[in-house]
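Below, read A as the first sequence line, B as the second, and so on, with proteins coming before strands; counting in each chain starts at 1.
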Amino acid sequence: MSNEKVIQVEGLTKMFGDFTAVNDITFEVNKGEIFGFLGANGAGKTTAMKMLIGISKPTSGKAKVAGFDVFKHAEDIKKNIGYMSQKFALYDDLTVKENITFFGGIYGLPRKRIKEKSNVLIEELGLEQVANKLVGSLPLGWKQKLSFSVSLLHDPKIVFLDEPTGGVDPITRRQFWEMIYKAANNGTTVFVTTHYMDEAEYCDRVSIMVNGKIEALDTPKKLKEQFKVANMNDVFLKLARG
Amino acid sequence: MSISISNISKSYKKAKALQDISFDVKPGELFGLIGPDGAGKTTLFRVLTTLLIANEGNATVAGFDVVDDYKSIRKNVGYMPGKFSLYQDLTVEENLKFFATIFGTTIEENYDLIKEIYVQIEPFKDRRAGKLSGGMKQKLALCCALIHKPKVLFLDEPTTGVDPVSRKEFWDMLKRLQQKHITILVSTPYMDEAALCDRIALIQDGKILEIDSPEAIVKNYTKQIYNVRANNMYLLINSLKEYEYNHSVYPFGEFVHYTNSRTDFNPENLKVFLESKSLIDIEIKKTVATIEDTFMELAK
């Protein structure tokens, strides 16, 4: 992890009518950091993330993502980030190879580059045997890993993951975290939104949102010490219940 | 027995969803079915609630056979499916009234059973169910599943997608329901919820890996687990996997859970090895197994 900042947020606020969904949040994320963005249902994390990925305009405040301003250069942000939703978003009716080619094309990669990437990716994931099979027929764990790799196809500076390992079996889930560590080690920043507290334990630092505000931000270790509890679940319960 | 399952198998075309499943749930027990998506949890629930017929084996619920006496079972069980299945266009109160009427009862008759839960959503009783938050939907669904005072309650992943605060409240509610002599079979993909059950079955790929109390399952894990930490997680994992005689290497939050296959394993040697990989701030400490460690060992 380096000290280069890839996300800089200052006083970011989003209002819907009288309701303040995101209330004056400020934080920074480093290059190569695994950053956990936590909060209860309705705490404002989805709204905050939508602003960061350039699909929702903030009401006020400042934010720079991958070097681009969220107000002025939202389109550039989209080109420089990857996104993986908790809901599987590849095409079930396309094969593994076709999905890779399709998303490579969407991201504007040259044909030759897509071919190279495709081969490397299939080999790394051990999907050689099923490369020409429809994605819909794969087990959930493989789909999730493929989906993560696809979100990294265009070598984004930051990848946003929304509850990446919910429901996945414990062994596959760990293979998934190994992939995340590898990406982070290569300098990709990983921004994980989740309310699974055991996912939070894997992050370098986590922030916890309560009612639109960031109420805590530190390493899991320090947060556990600060609240004198054994795990992130209890940190969360203490904060969210007040 | 409140639930008795013998050699149940169910296939969908080529996929074997359940393979030779057998276990019993005692009256008043809070029994957990713990496993990832696709393990077969929902299929088993559907067989037990008479919505699906198994290919092989038999089962009884509240003393009734799931095939021959399916009508009696439907009167005696409550079922909360994993997917929110109430009427989105009806209000909170209308949904509850509807389910009470279907079962030939009234909200008043069994109000004591749902009171504690219902008072939390009562302020929103005129709101349409589709407009409720996740936590409130879940409370309403539980009320609807309880309104006819079932003997056995089936809860299919009630806490999936629910935040930790609502999850905690939900489990507190289950504990209180159990005191009212309702047998509960609950499924979850969260290993940490296993500890809250009286007994659990670990399930993966349609097969039961183990059935016991959570304490006993953890005790059955025989290997010594070490919590290992260093300055670079990625390098640490790769180095541990290279180390001779490693048995398992699993990232576990800020640590890696490491086990070694030799009985004379010395952590000091491992430390020297990790240092040779230019890792620093190395920490190796003994730790105890969790349900998740056991699950992975059995599924390996």
Side-chain angles (χ1 to χ4, degrees), chain A residues 1 32 34 38-43 45 86 137 139-141 143-144 163 165-186 194-204 208 210 219-222 224 231-242, chain B residues 14-15 34-39 41 82 132-138 157 159-169 188-193 202-205 229 231-238 241 248-257 290-300:
Chain A
M1 207 193 309
I34 303 173
L38 321 180
N41 295 327
K45 42 180 207 309
Q86 67 193 100
S137 67
L140 177 76
K143 284 187 186 175
Q144 290 293 87
E163 289 173 6
T165 66
V168 174
D169 74 82
I171 294 179
T172 309
R173 157 179 255 196
R174 283 173 172 82
Q175 292 166 347
F176 197 93
W177 274 102
E178 286 176 30
M179 291 174 69
I180 292 179
Y181 287 132
K182 185 178 177 187
N185 200 57
N186 291 339
T194 187
H195 57 228
Y196 296 128
M197 289 308 122
D198 50 346
E199 284 193 319
E201 307 266 359
Y202 291 84
C203 299
D204 292 321
I208 302 180
V210 182
T219 63
K221 188 168 181 260
K222 284 196 181 141
K224 284 183 267 186
N231 55 51
M232 283 304 296
N233 199 60
D234 292 341
V235 170
F236 191 91
L237 287 178
K238 279 203 166 179
L239 261 177
R241 285 181 154 179
Chain B
K14 274 189 207 155
I34 319 285
D37 289 358
K41 304 189 297 291
L132 295 175
S133 72
M136 285 200 279
K137 274 185 182 166
Q138 178 207 39
E157 299 206 13
T159 56
T160 292
V162 172
D163 68 64
V165 176
S166 305
R167 254 173 78 188
K168 172 92 173 42
E169 286 173 2
T188 178
Y190 302 117
M191 303 279 155
D192 58 339
E193 291 183 346
L202 302 179
I203 181 168
Q204 177 157 291
D205 298 331
R229 187 194 345 232
N231 63 322
N232 181 322
M233 193 50 125
Y234 183 61
L235 186 57
L236 175 64
I237 294 167
N238 287 340
K241 283 185 173 172
S248 64
V249 178
Y250 292 126
F252 237 93
E254 55 182 309
F255 299 102
V256 176
H257 277 191
T290 65
I291 298 277
E292 212 164 351
D293 290 299
T294 314
F295 193 102
M296 291 192 286
E297 184 64 23
L298 292 167
K300 219 176 167 184

Undergrad: Going by heavy atoms in the side chains, are A/Met197 and B/Arg167 under 4.5 Å from each other?
TA: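 No. Closest side-chain heavy atoms not under 4.5 Å.
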
Undergrad: Of all heavy-atom pairs between B/Pro251 and A/Tyr181, which one has the smallest distance, and what is that distance?
TA: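 The pair with the smallest heavy-atom distance is CB-CE1, 4.1 Å.
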
Undergrad: Does any backbone or side-chain atom of B/Pro36 lie under 4.5 Å from a heavy atom of chain A? Answer side chain, backbone, both or neither.
TA: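 Both parts, backbone and side chain.
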
Undergrad: Is there a donor-acceptor pair closer than 3.5 Å between any side-chain N or O of B/Tyr234 and the backbone N or O of A/Asn186?
TA: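 Side chain of B/Tyr234 to backbone of A/Asn186: no pair is present.
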
Undergrad: Can you list everything that forms a ring pair (Phe, Tyr, Trp, His ring centres under 6.0 Å) with B/Phe255? Sequence neighbours excluded, please.
TA: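 B/Phe255 satisfies ring pair (Phe, Tyr, Trp, His ring centres under 6.0 Å) with no residue once adjacent residues are dropped.
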
Undergrad: What option among B/Met296, B/Glu157, B/Glu254 has the most heavy-atom pairs under 4.5 Å with chain A?
TA: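 When all of B/Met296, B/Glu157, B/Glu254 are compared, B/Met296 has the most.
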
Undergrad: Please look at A/Leu140 and chain B and tell me whether the side chain, the backbone, both or neither of the residue comes under 4.5 angstrom of a heavy atom of that chain.
TA: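 For A/Leu140, the side chain is the part near chain B, not the backbone.
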
Undergrad: Is A/Lys182 atom NZ crowded by more than 12 heavy atoms from other residues, nucleotides or ligands, each under 6.0 Å away?
TA: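 No, the 6.0 Å shell around NZ holds no more than 12 heavy atoms from other groups.
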
Undergrad: Given a strict heavy-atom distance threshold of 4.5 Å, which part of B/Phe295 is in contact with chain A: side chain, backbone, both, or neither?
TA: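 It is the side chain, since no backbone atom gets that close.
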
Undergrad: Nearest 0.5 angstrom please: A/Leu237 CG to B/Asp163 CG, how far?
TA: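 The CG atom of B/Asp163 is 9.0 Å from CG of A/Leu237, to the nearest 0.5 Å.
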
Undergrad: Using the six-membered ring of B/Phe252, assess whether NZ or CZ of A/Arg174 lies under 6.0 Å from its centre and within 45 degrees of the ring axis.
TA: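 Output yes; distance and angle both within limits.
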
Undergrad: side-chain contact (heavy atoms from CB on, under 4.5 Å) with B/Lys14: which residues, sequence neighbours excluded?
TA: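 Expected list: none.
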
Undergrad: Looking at CG of A/Asp198 and CE of B/Met191, how far apart are the two atoms once the value is rounded to the nearest 0.5 Å?
TA: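 So the gap between those two atoms works out to 10.0 Å.
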
Undergrad: Which one of B/Pro189, B/Gly134, B/Pro164 has the most heavy-atom pairs closer than 4.5 Å to chain A?
TA: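 Among the listed options, the one with the most contacts to chain A is B/Pro164.
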
Undergrad: Quick check for you: to the nearest 0.5 Å, what is the distance between B/Glu292 atom CD and A/Ile171 atom CD1?
TA: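 If we round to the nearest 0.5 Å, B/Glu292:CD and A/Ile171:CD1 are 10.0 Å apart.
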
Undergrad: Once rounded to the nearest 0.5 Å, what's the spacing between atom CD of A/Gln144 and atom CG of B/Asp37?
TA: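 A/Gln144 CD to B/Asp37 CG: 9.0 Å, rounded to 0.5 Å.
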
Undergrad: Given heavy-atom pairs under 4.5 angstrom as the criterion, report whether the side chain, backbone, both or neither of B/Gln204 touches chain A.
TA: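 B/Gln204 touches chain A through side-chain heavy atoms alone.
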
Undergrad: Is B/Asn232 close to chain A through its backbone or its side chain, or both, or neither, when contacts mean heavy atoms under 4.5 Å?
TA: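 Only the side chain of B/Asn232 comes within 4.5 Å of chain A.
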
Undergrad: So for B/Lys41, is it side chain, backbone, both, or neither that comes closer than 4.5 Å to the heavy atoms of chain A?
TA: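 When you check distances to chain A, no heavy atom of B/Lys41 falls under 4.5 Å.
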
